[in-house]
Amino acid sequence: MEINQASPNNFCWFELATSDQSAAKKFYGGLFGWTANDAPMGPDFVYTTFQFRGRNVGAAYTLMPDQVNMGVPPHWGTYVAVASVDDSIAKAKTLGATVLAGPMDVADHGRMAVLSDPTGAVIGMWQAKQHHGVGLWGDECSFCWSELLTNDTTAATAFYSALFGWKTKISEGLGFAYTHWQNAGADIGGMMAIQKEWGPMPPNWVNYVRVNHCDETVAKAVSLGGTICMPPMDIPNTGRFAMLQDPQGAAFAIIALAPMNKG
């Protein structure tokens, strides 16, 4: 759907930190048909906004030298809309979060901060000024779902429920407990425990892009240099999904919704 401003405490922005910005633009443009609009933001720094059907769907930037020195890998960052970044960060700290960046102003676009939740997953917060976040969410070739993978779902539930007021709904139909995050009565994302068979994996947020055909999109991603992390598989009564990495190593997921869920 097209939106002009994210509802409070909803996911609002998706930002790729990459080791090769030019290659990332080529990959995502080829995979999803995203167009890339570059804006110089200072010496040797260009911020790329991805668009689909003329609406913002996300962005990309090249990893900063300090991030590279700290060993930060290419990744997709996730932001939640808040009324006050400063108030939300203050509350997050009382709930056990670690502040990684900010709060800080981003020109006249807005105010941001990035934190690590008590389980170790990184998430951002955005207080909009001139920039209100994505203009397309849940439609074809736009982000539609954000999922927390963590080693402690109990601690994560307590943290995000207290910080953002999210409610939870547990589904057992997949053979394991899956948590749905709900905001203002609507499902906006999910959470599941990291499984032992996945091997060593730090807690993280994974963002899903909606596509029309999962298997075809996976094949296309591979042809563009991407890697399959989890091959296409069905989610009963939901759709068919896969998890991928772009050529620089940033992980994301795709999902083709079942007809009953296409809206």
Side-chain angles (χ1 to χ4, degrees), residues 3-17 41-42 45 47 56 58-59 61 63-64 66-67 69-73 75-134 137 143 145-169 179-191 193-194 202-207:
I3 55 177
N4 295 316
Q5 184 171 354
S7 300
N9 301 315
N10 268 9
F11 299 106
C12 67
W13 196 236
F14 308 93
E15 188 177 71
L16 174 66
M41 301 285 284
F45 184 81
Y47 194 75
N56 292 346
Y61 71 93
L63 283 160
M64 307 289 190
D66 59 329
Q67 292 177 301
N69 292 336
M70 289 187 294
V72 176
H75 66 279
W76 275 99
T78 312
Y79 286 81
V80 175
V82 297
S84 169
V85 162
D86 296 78
D87 291 347
S88 295
I89 279 292
K91 186 172 185 178
K93 288 194 288 188
T94 69
L95 296 170
T98 301
V99 179
L100 302 178
M104 69 181 80
D105 288 323
V106 183
D108 59 353
H109 303 296
R111 190 163 173 81
M112 63 162 285
V114 179
L115 59 83
S116 174
D117 73 24
T119 78
V122 175
I123 193 166
M125 293 187 288
W126 181 253
Q127 177 185 337
K129 293 180 183 177
Q130 297 297 319
H131 190 286
H132 294 287
V134 295
W137 190 88
F143 289 101
W145 191 256
S146 293
E147 183 176 83
L148 175 63
L149 305 179
T150 180
N151 293 312
D152 192 336
T153 57
T154 300
T157 296
F159 176 76
Y160 289 103
S161 297
L163 182 59
F164 298 131
W166 291 348
K167 306 298 183 184
T168 58
K169 179 178 68 177
T179 300
H180 295 252
W181 298 117
Q182 297 181 316
N183 185 48
D187 285 4
I188 61 169
M191 173 178 65
I194 294 172
N204 68 99
W205 282 92
V206 177
N207 300 303

Check your understanding: Taking only residues two or more places apart in sequence or in another chain, which ones pass side chain to side chain contact (heavy atoms under 4.5 Å, CB included) with His132?
Key -> Gln5, Ala128

Practice item. Using the test side chain to side chain contact (heavy atoms under 4.5 Å, CB included), find all partners of Asp87 that sit at least two apart in sequence or belong to another chain. Key: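 By the side chain to side chain contact (heavy atoms under 4.5 Å, CB included) rule, Asp87 matches Ser84.
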
So, for [X] and [Y], which heavy atoms are closest and what is the spacing to 0.1 Å?
X: Ala81; Y: Ser7; value: CB-O, 3.9 Å
X: Asn183; Y: Pro8; value: ND2-O, 2.9 Å
X: Pro118; Y: Ala97; value: CG-N, 4.3 Å
X: Ala92; Y: Leu115; value: CB-CD2, 3.7 Å
X: Lys169; Y: Asp187; value: NZ-OD2, 3.4 Å
X: Ala59; Y: Trp13; value: CB-CZ2, 3.4 Å

Are [X] and [Y] close enough that some pair of their side-chain heavy atoms sits under 4.5 Å apart?
X: Asn56; Y: His131; answer: yes
X: Phe14; Y: Ser146; answer: yes
X: Val114; Y: Ile123; answer: no
X: Phe164; Y: Asn10; answer: no

Just verifying a value: how many Å separate [X] [atom1] and [Y] [atom2], rounded to the nearest 0.5 Å?
X: Leu148; Y: Thr179; atom1: CG; atom2: OG1; value: 9.0 Å
X: His75; Y: Asn207; atom1: NE2; atom2: CG; value: 10.5 Å
X: Leu95; Y: Ser88; atom1: CG; atom2: OG; value: 10.5 Å
X: Thr153; Y: Met191; atom1: OG1; atom2: CE; value: 5.0 Å
X: Asn151; Y: Ile194; atom1: CG; atom2: CD1; value: 4.0 Å
X: Met70; Y: Leu100; atom1: CE; atom2: CG; value: 8.0 Å

Practice item. Give a yes or no answer on whether the side chain of Ser161 reaches the backbone of Ala158 with a donor-acceptor pair at less than 3.5 Å. Key: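 The answer is no, because no donor-acceptor pair under 3.5 Å joins these two groups.
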
Review point. Would a distance-only check, ignoring hydrogens and angles, find a side-chain to backbone donor-acceptor pair under 3.5 Å from Gln127 to Val85?
Key: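 Confirmed, Gln127 side chain pairs with Val85 backbone.
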
Practice item. Could you list all the side-chain hydrogen bond (donor to acceptor under 3.5 Å, both in side chains) pairs where at least one residue sits in residues 110-126, not counting sequence neighbours? Key: Asp86-Arg111, Asp105-Arg111, Asp117-Thr119, Asp117-Tyr160, Thr119-Thr150

Practice item. Using the six-membered ring wherever Trp is involved, compare the ring planes of Trp166 and Phe11 and label them parallel, tilted or perpendicular (cut-offs 30° and 60°). Key: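 Answer is tilted, since the angle falls between 30° and 60°.
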
**Study point:** Atom NZ of Lys167 with >12 non-hydrogen neighbours under 6.0 angstrom
**Key:**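 It does not: Lys167 NZ has 12 such atoms or fewer within range.
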
Check your understanding: Would the Phe143 and Trp76 ring centres measure less than 6.0 Å apart?
Key -> yes

Review point. Given Leu16 and Tyr61, is the side chain to side chain contact (heavy atoms under 4.5 Å, CB included) satisfied, shown in steps?
Key: CA-CA 6 Å; Leu16 174 66; Tyr61 71 93; over 6 Å; no

